[in-house]
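Quick notes on the structure that follows.
Residue numbers start from 1 in every chain, and the chains themselves are labelled A, B, ... in the order their sequence lines are given, proteins ahead of strands.
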Amino acid sequence: MIGDCESVSAHEPLPSLIGAHHSAKHENFSGIATNCTDGNFLKRLRFQPYGGVPMIARIRELVDNFGGLSIDVMELPETSDLYSAGLKSQACVELMLGLEEAFEVEFPDELLTRSTFRSLASIAAAVSSLKEGAVAA
Amino acid sequence: MTALRMVQSAHGLGRAAEAVATAAEFADPVDRDNRFPTEGVGALKSAGLLSIAIPVALGGEGASLSELCTIAQSLGGACASTGMIFAMHQICLANLLDCAMDSEWHRQLAQRMLTEPLLFASATTEGGVGGDLRQSICAVEPHGDRIALTKEASVISYGEHADAIFATARRDADAALSDQVLVVLMKDQCALDRTSTWDTLGMRGTCSHGYRLKAQAEVCQIMPKPFADIAADSMVAISHLLWSSVWCGIAAAALNRAQTYVAAQARNPSGQALPGAARLAEIFGRLQSIEASIASVLEQWERARSHPTFAVALAINALKLSVSTEALAVVNDALLICGLQGYKNGGPYSVGRHLRDIHSARLMISNDRIAAATGQLMLIQGRRARQEK
């Protein structure tokens with residue numbers, strides 16, 4: 001895990017944590033996030049298996065474990081607002097660590113914002129973009 | 001900043017000086033009699049300072065958060081209760097301006113402030129949720145175009161003196177505790193039954209009594225943005241910055257008294273070294289650190305406002321923790337410098353009121369609660385260190 005981190009930071013210096021501005025990469029990500037309500041995107045996610053379990057189902061489990069929500073995550077629609085469901089910023093950090101481990105990705109600082117964790121679908125979009133980025137690299 | 005803006009803001013700060021003087025004049029009676037600072041808040045109203053943050057586009061002066069912090073600090077030094085009321089009002093106004101300008105009703109309310117000095121209060125605290133801002137038990141009850149709300153509000157600061165109350169509630173009776181909205185209730189739409197009395201160590205003039213709030217309003221008075229987002233995008237950061245400024249003002253005022261005391265001793269030389277001078281230098285350094293940290297976090301927030309990361313939230317929480325603790329330490333040491341003259345109520349070296357007022361800082365959203373949340377956010381810091389290896 002630590003080895004992975006080192007190789008990522010060696011390829012791409014991290015932008016300053018404070019006041020990270022919209023990078024090209026982030027705008028690219030926003031595009032994906034905006035499209036995440038599109039039906040085909042959700043269908044792809046639902047049927048895209050990850051370790052035998054569809055990605056969205058795995059994310060649902062992680063949100064259930066780390067999100068500290070006041071409602072049943074298993075019943076939650078993929079585009080429902082997780083903050084209104086009780087997700088707090090501090091829980092997002094733990095959720096992010098869980099996602100990194102489960103999907104073997106690394107969230108760059110500019111993705112550590114509330115919008116990334118807004119819904120099951122937006123988390124899936126972020127994880128997918130990170131997986132695709134890793135493949136492309 | 002344009003030249004016009006600079007003139008306007010300088011004008012705003014100049015007007016604040018008069019309000020600060022009035023607030024200072026009545027600080028002791030307000031504290032002693034546990035009463036609303038009518039004179040100080042009246043001065044804020046007549047100087048047009050309640051609406052100073054209304055943007056230029058809406059016909060206002062467009063004062064920045066930094067300017068509001070400067071005014072809050074000066075007021076806090078004069079009368080902590082008046083300073084805190086100014087801060088709490090500006091937090092409500094910021095919520096309105098940041099999160100509801102696409103709603104006709106809310107935009108009209110903001111514009112109404114240009115001709116009428118409306119004072120805003122908030123009812124976010126409720127019995128039974130353990131002080132968690134992000135949970136409500138009470139729920140909005142819809143009746144066609146109208147809504148009803150009953151809230152057991154364990155605290156509504158200056159509720160009886162406000163022209164509008166910003167109340168959190170669950171979206172509807174079926175919603176989760178965290179699925180909240182913020183609704184702006186006008187004075188004539190609210191009935192307030194006092195359920196507890198604010199008789200406290202300090203911040204006595206905020207009159208933060210407990211109430212059963214019963215209100216009837218229009219559906220359109222609910223802010224369109226979910227409260228989860230209002231809290232994260234606007235309320236929490238602005239609260240901690242404005243509160244910290246008020247606390248910094250209290251500490252600066254106590255230091256000022258200690259300085260006056262040491263100066264008086266210096267004028268009557270006893271032949272011995274001044275015992276308080278070294279300690280005075282120490283707390284001056286502490287005050288400078290407080291001011292610098294507020295300025296630094298303010299800058300981070302202004303820069304990241306449109307795209308706030310968790311790292312910014314972390315910095316803001318850490319600011320609240322440190323300023324509330326450090327400002328108390330400054331006032332505490334000011335008491336040691338002034339000795340019994342500081343311990344006595346009344347007189348030019350008394351710091352009793354300052355000490356009682358500043359003790360509220362660690363309790364306004366308990367530092368223990370914030371520290372626990374901040375500790376979790378710190379995990380991103382550890383991760384960053386790991387990535388940078």
Quick one: do B/N367 and B/S324 satisfy side chain to side chain donor-acceptor pair (under 3.5 Å)? Show the steps, please.
CA-CA 8 Å; B/N367 272 17; B/S324 60; 2.9 Å; yes

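- Residues passing the salt bridge (Lys or Arg N to Asp or Glu O under 4.0 Å) test with B/E104 are B/R107, sequence neighbours excluded.
- A salt bridge links B/R305 with B/D98: at least one charged nitrogen is closer than 4.0 Å to a carboxylate oxygen.
- In this structure the side chain of B/V297 reaches within 4.5 angstrom of the side chain of B/I316, judged on heavy atoms.
- Interface residues of residues 139-152 of chain B toward chain A, defined by a heavy-atom distance below 4.5 Å: none.
- When the candidates A/E94, A/R118, A/K88, A/Q90 are compared by the number of heavy-atom contacts under 4.5 Å with chain B, A/Q90 comes out ahead.
- Tested against B/I294 for a side-chain contact (heavy atoms from CB on, under 4.5 Å), the candidates B/S289, B/S322, B/S245 yield a single pass: B/S245.
- Per-residue heavy-atom pair counts under 4.5 Å with chain A were compared for B/L314, B/D233, B/N317, B/D132, and the maximum is reached by B/D132.
- When heavy atoms are compared at a cutoff of 4.5 Å, B/D229 approaches chain A by way of both its backbone and its side chain.
- Looking only at side-chain heavy atoms (C-beta outward), B/F166 and B/F227 stay at 4.5 Å or farther from each other.
- Contact annotation for B/A373: both backbone and side-chain heavy atoms come within less than 4.5 Å of a heavy atom of chain A.
- Using modelled atom types, one side-chain atom of A/T116 and one backbone atom of A/L111 make a donor-acceptor pair closer than 3.5 Å.
- For the residue pair B/E291 / B/Q73, a side-chain donor-acceptor distance below 3.5 Å is found, with atom types taken as modelled.
- Neither the backbone nor the side chain of A/L69 comes within less than 4.5 Å of any heavy atom in chain B.
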